[in-house]
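Here is how names work: the chains are called A, B, and so on, in the same order as the sequence lines, proteins then strands, and each is numbered from 1. Just so you know, these numbers come straight off a predicted model, no measurement behind them.
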Amino acid sequence: MAIEQSIDQQVALLMQGIEMGDEKLKEAMGKELRERLEDSQNTGVPLRVYCGYDPTSPDLHIGHTVTMRKLRQFQELGHQAIFVVGSFTALVGDPSDKDKARPRLTKEQVMANAKTYTDQAFKILDREKTEVRFNDRWLSGVTLEQVIEVASNFTVQQFLVRDNFSKRYASNEPIWLHEFFYALLQGYDAAELRADVQLGATEQLFNLLAGRKLQEAMGMKPQVALTVPVLVGTDGHLRMSKSTGNTIGIDEPPEEMYGKVMSIPDSAMSNYFRLVTRWTPDEVAFLEEGLASGDLHPRDVKMRLAREVVEIYHGVEAVEPAEAAFVHLVQEGGQPEDMPEHAYQAGTPLIDAMVDSGLVESKSQARRLVDQNGVRLNGEVVEDPNFNLDFQEAAVLQVGKRRFARLVRAQ
RNA sequence: GGGCGGUUACCCAAGUGGCCAACGGGGGCUGACUGUAAAUCAGCUGGCAUAAGCCUACGGCGGUUCGAAUCCGUCACCGCCCA
């Protein structure tokens, strides 16, 4: 059911948060979007709006949800969302988001990942109104002739202008020929899907524009390209991505999610407000002003952010327990309710139990941690790594702030 | 096909015969402090060993040497230039 809104309101909503890196381009796209929306209203034909996701890892993270949220907005206005699984493009490796060529995946990995991807995506998207497409369905059948035909629309110079290619070119890093094809493939997708609108992160702009160019060459009306800012990872600087290990997975348990949000640097909060919450621009502005003036405490604001993120993926009932766990564990330095259990033989040196329980990787590392006062047994800092375990009752082993195990003497 | 340069720990990168388990930076970990797992500061960051010490490691293999990440040979891979 399309929500009744004027075209003006719709454009304003859909363009909110769109960043094209160039005001003129953004204006032009906004104008094209308006035309499309008007056409759609007049003809009653919904717009075909697509976004592609390369299944390079088994899990989606909240970085992926930025474009999904935008897709969802289109859905709510009655348009057709198309979720494209890059089952073919993932094999090529997208050069956009890295300074280095990405390792290529096998077909099997890609298909396994695709399965979990789509399931997770429906936490955001309306399953009923989403068309899921796998791009190997059409791309794997493309002939060399067609490839050359498509390639004839582009020059090498156009590619070299791209920041991440020009950088690598300048620093003598390899630029693989197959990487050039990535943009062509995305363009091909756009044409195949007869897309009216394509969404992507700002770094994808080049690819989206390639789609426009190809559609035009094929006698179609070029799609509206809309890009959203990139979400930074938990480190606060780099793009959130599996390969840098700075992700917050949308399938992670509430406590984990809450804690990870709390671990982002204060400086990254604004990025998160805008990209991964349901807050309106007014609410965001209120928080930012409060932070700037000192009226709001950064920690409290971040907790608010953490609650919001947990609520989105786990529902409102998961929020309180997740926050309570955080307060207990981190702010009060308490112990978690659940911790893995490890059975030891009486007389086992503590250091061995640390390794055996999987809390540390080697005895050398365990020794170092003891030296650094990072190991506690029943709350007491351990001084002697060779201490022999022999407790009647279960003992709580703590390594650092976050790793716990319950040690139980074996019979 | 020819010439030149390169390959060092999770990443970047220094080291050109012994003082090298290998400078520095990033990341990660621990601690202190705090406002949180933020910021800041300090320490740690191959394995085994209570310790002395031992083992493994500077692309692979082989050699020179009392001794090699460092020299030589060869193979593999990468980059640049020429064709």
Say we look at [N] and [M]: how far apart would their [atom1] atoms be, to the nearest angstrom?
N: B:U56; M: B:C48; atom1: P; result: 15 Å
N: B:C20; M: B:U8; atom1: C1'; result: 12 Å
N: B:G3; M: B:C66; atom1: C1'; result: 38 Å
N: B:G67; M: B:G28; atom1: C1'; result: 36 Å
N: B:U70; M: B:C19; atom1: C1'; result: 15 Å
N: B:G62; M: B:C58; atom1: P; result: 12 Å
N: B:C55; M: B:A22; atom1: P; result: 16 Å
N: B:C23; M: B:C12; atom1: C1'; result: 14 Å

When only distance counts, do a donor and an acceptor, one from the side chain of [X] and one from the base of [N], lie under 3.5 Å apart?
X: A:Asp266; N: B:G35; result: yes
X: A:Gln372; N: B:G43; result: yes
X: A:Arg299; N: B:A38; result: no

- Message: Whether A:Lys123 engages the ring of A:Tyr313 as a cation-pi pair (distance to the six-membered ring centre under 6.0 angstrom, angle to the ring normal within 45°) should be assessed.
- Response: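 The answer is no; the distance or angle limit is not met.
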Under 4.0 Å, counting only non-hydrogen atoms across every strand here, what does [X] touch: a base, just sugar-phosphate, or nothing?
X: A:Lys260; value: nothing
X: A:Lys302; value: base
X: A:Pro265; value: sugar-phosphate
X: A:Gly400; value: sugar-phosphate
X: A:Arg376; value: nothing

- Starting from P on B:U50, measure out to CD1 on A:Ile351 and report it in whole angstrom.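 Going from CD1 in A:Ile351 over to P in B:U50 covers 8 Å.
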- To the nearest Å, how far apart are A:Met262 CE and B:U34 P? 17 Å
- Task: Hey, which sits more toward the 5' end of RNA chain B by its nearest nucleotide, A:Asn386 or A:Glu256?
- Result: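 Nearer the 5' end of the strand: A:Glu256.
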- Query: Salt bridge check: are A:Asp266 and A:Arg299 linked by an N-O gap of less than 4.0 Å?
  - Reply: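 No.
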- CD of A:Gln73 to CD of A:Gln16: how many Å apart, nearest 0.5 Å?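 Result: 6.5 Å between the selected atoms.
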- Do A:Met15 and A:Leu226 come close enough that some side-chain heavy atom pair is under 4.5 Å?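 Yes, side chains in contact.
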- Kindly assign one of parallel, tilted or perpendicular to the pair A:Phe74 and A:His79, based on the angle between their ring planes and the thresholds 30° and 60°.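 Geometry flag for A:His79 against A:Phe74: perpendicular rings.
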